[in-house]
Amino acid sequence: MKLIDAHCHINLDEFKDDFNEVVERINKKLEFAVNIGFDMKTSLESVELAKKYDFIYSAIGIHPNEAKEYSDEVEKKLIKLAENPKVLAIGEIGLDYYREGAPRDLQKDVFRKQIELAIKLDKPILIHCRDAYGDTFDILNEYKEARGIMHSYSGSYEFAKKLMDRFYFSISGPVTFKNAKNVKEMVRELPIERIMVETDSPYLTPTPYRGKRNEPIFVEYVAREVADLKNMKYEEVKDITNKNTKKAFEIEV
Ligand SMILES: [Zn+2]
């Protein structure tokens, strides 16, 4: 069985020199990868990739750092793009109080609007949350129908527990870092039934490639680390996280 990379950005410039090789490696080694938009341009590119390759799916949305871009016009374009059945989710959306690419009030407003959009379209959401767990929880609490994925999750088990009935937690490269004690501890505690694996490529490269560009097939190192932490067989983690990813994105493949 082949793994799934639940979150990547292979449309970015980091891949422009060897794009075809990277895509070929996904085709050979993974069941599929989900390419994620974070503004209008990258959302369009993600959908184009999904149209071109049957082993690539996409998600579309406006990232909190790009919140200034959101408008009624952009929302209409997202609705149009979401008609493609390979658009699995609205995201990445959320709150980023670490980089603060936009004022917090605007981030919250754009987050709420896109949650409402996802509910209207009956799609899961894909959440980016950085240093903003309190507000993220409060906003998600306003929308009980919202469900989906916390992407590149590195928060606490206690936070995860509060949302575990309707969210999955996607683990990325940092879990492989020797000093990532908190993330490792959280993964040990989190039920395997709520865990997914992703790369967030080109970012967050796992050990042993830390410091180099990340790419979707490196999701294997994340899954192997999860298997180690859970005292499970790699094959079993692969099977369960694949199932979780398909459930989270609400697809039958
Ligand atoms: Zn991302």
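When a ligand or atom number is given, it counts from 1 through the structure's own listing order.
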* Asked: Would Lys230 and Glu236 satisfy salt bridge (Lys or Arg N to Asp or Glu O under 4.0 Å), going step by step from the backbone distance to the final call?
  -> CA-CA 11 Å; Lys230 297 294 231 187; Glu236 202 182 349; over 6 Å; no
* With rounding to the nearest 0.5 Å, note down the distance linking CD1 in Ile60 to NZ in Lys123. => 8.0 Å
* To do: State whether Arg188 and Glu185 are salt-bridged, where the test is any N-O pair (Lys NZ or Arg NE/NH1/NH2 against Asp/Glu carboxylate O) under 4.0 Å.
  => yes
* Does the distance from a Lys or Arg side-chain N to an Asp or Glu carboxylate O, for Lys113 and Glu75, drop under 4.0 Å? -> no
* Give every protein N, O or S atom lying under 2.8 Å from the Zn ion (ligand 1), naming each by residue and atom. => His7 NE2, His9 NE2, Glu92 OE2, Asp200 OD1
* To do: Evaluate whether atom CZ of Phe19 has more than 12 neighbouring non-hydrogen atoms of other residues, nucleotides or ligands under 6.0 angstrom away.
  => yes
* **Residue pair Ser58 / Ser46, side-chain donor-acceptor N/O under 3.5 Å** => no
